[in-house]
Amino acid sequence: MTDLYPARIDGVIEARELSVGRGVVVEAGVLITGNDGPASRVVLADFSYVGRLTRIIAPEFLLGDYSKVHNFTIGLGGQPLRIGRNCWIGGDTILDCVGGLDIDDNVGIGAQSQIWTHIQFGDIVEGCRFHSKAYVHIEKDAWFVGHCIVSPVRIGERSMALAGSVVTKEMLCNHIYAGVPAEDVTHKLGSQFETRTVEEKAVRLQSMIDEFTRQHPQHQGELLVARSPQDIQPGVCCFDVSRRVYTKTYSPAEVAFLKTYTPLIKFTPDGEPPFFVARCAD
């Protein structure tokens, strides 16, 4: 049987263990490899995308469902680089994984940003004090709007840094930061996320499904909103807003809808384990 969603690999992947999901696209000029020979492991999950002339040089590289790494991105270092599901990495971004870098589900990193896990250059024999590396875990739903420079600090869930921010200290959960160096401006702007009830989420998602089916009437009735696990219907793609998960059926309606609206909506497959387990901070 012909696969409805064949992968297209136009770049070069060098890995001892390689897993490529359905609908994956790796554009021309991409190189994914290890530091001294092939990477030990590369996983490109369903409908993930790697843009032109991107270079990933790391011992392990993981890219989750519907995540996109855009053109000219550089990922480099001697520790794993792992990117979760529904992530957006803008073009010309630097992802330093010298100390190890985990980017959790639903993270956005805007174009020309730099994420650093190490500081080293000065002559340590002569007494330079700045020579260190640290593991960085960017937690779920964090968002760097663009042109951000990020030091190896804790990045809390749902935190946000506005365009041009230089982040030098911890970003707290659901707080917003701006400036050089970045300061907490949550008291001025509010948080990135407001609190919504399950019903409010369901109504908003239903409006998006209605918009989608108006444009694609052949998919009418093929996408359902669930307010609890009890609303799930077998054999149909259901989006459970109470748990932020969907039933993964690979139906044309499901794939087209998620390709259209991700990252503006971010659901993960119901029943699947975490794409990776973040390690403990150093």
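- Atom CG of Asp123 sits in a crowded spot, with more than 12 heavy atoms from other residues, nucleotides or ligands closer than 6.0 Å.
- Pairs of residues two or more places apart, or lying in two chains, that qualify as side-chain hydrogen bond (donor to acceptor under 3.5 Å, both in side chains) and include a residue from residues 65-74 are Asp65-Lys248.
- Counted within 6.0 Å of CZ on Arg243, heavy atoms from surrounding residues, nucleotides or ligands total more than 12; the atom is thus considered enclosed.
- When all heavy atoms of Gln192 and Asn174 are compared, the closest pair comes out as N-OD1, 3.4 Å.
- Salt bridge Arg8/Glu27: present, at least one basic N to carboxylate O contact under 4.0 Å.
- Of all non-hydrogen atoms in Lys140 and Glu157, the two that sit nearest each other are O-CG, 3.1 Å.
- Using a 4.0 Å cut-off between charged side-chain N and carboxylate O, Arg16 and Glu60 make no salt bridge.
- Under a 4.5 Å side-chain heavy-atom criterion applied to ILVMFWY residues, the cluster that includes Val98 comprises that residue alone.
- In summary, Asp105 and Lys266 do not engage in a salt bridge, as defined by a charged side-chain N under 4.0 Å from a carboxylate O.
- Clustering of Ile, Leu, Val, Met, Phe, Trp and Tyr by side-chain heavy atoms under 4.5 Å joins Leu189 with Trp143, Val145, Met160, Leu162, Ile176, Val185.
- Counting all heavy atoms, side chain and backbone alike, Thr268 lies closest to Arg85 at CG2-NE, 3.6 Å.
- Atom CG of Asn106 and atom CZ of Arg158 lie 9.0 Å apart (nearest 0.5 Å).
- Checked for salt-bridge contact, Arg41 and Glu17 meet the test: a charged N lies under 4.0 Å from a carboxylate O.
- The residue from Arg279, Arg154, Arg82 that alone fulfils the salt bridge (charged side-chain N to carboxylate O under 4.0 Å, His left out) condition with Asp102 is Arg82.
- For the atom pair SG of Cys87 and CD1 of Ile138, the computed distance is 9.0 Å after rounding to the nearest 0.5 Å.
- For the 3.5 Å distance criterion, the side chains of Asp96 and Thr117 qualify, holding a donor opposite an acceptor.
- Using a 3.5 Å distance cut-off with no hydrogens or angles, the side chains of Asp46 and Tyr5 do not pair a donor with an acceptor.
- Aromatic ring pairs are classed by plane angle as parallel below 30°, tilted from 30° to 60° and perpendicular above 60°; the pair Tyr261 and Phe257 is tilted.
- Contact record, Cys97 with Leu81: SG-CB, 4.0 Å, taken as the closest heavy-atom pair.
- Once rounded to the nearest 0.5 Å, the distance linking CG of Asp270 with CG of Asp240 reads 7.0 Å.
- No side-chain donor from either of Thr197 and Glu199 sits under 3.5 Å from a side-chain acceptor of the other.
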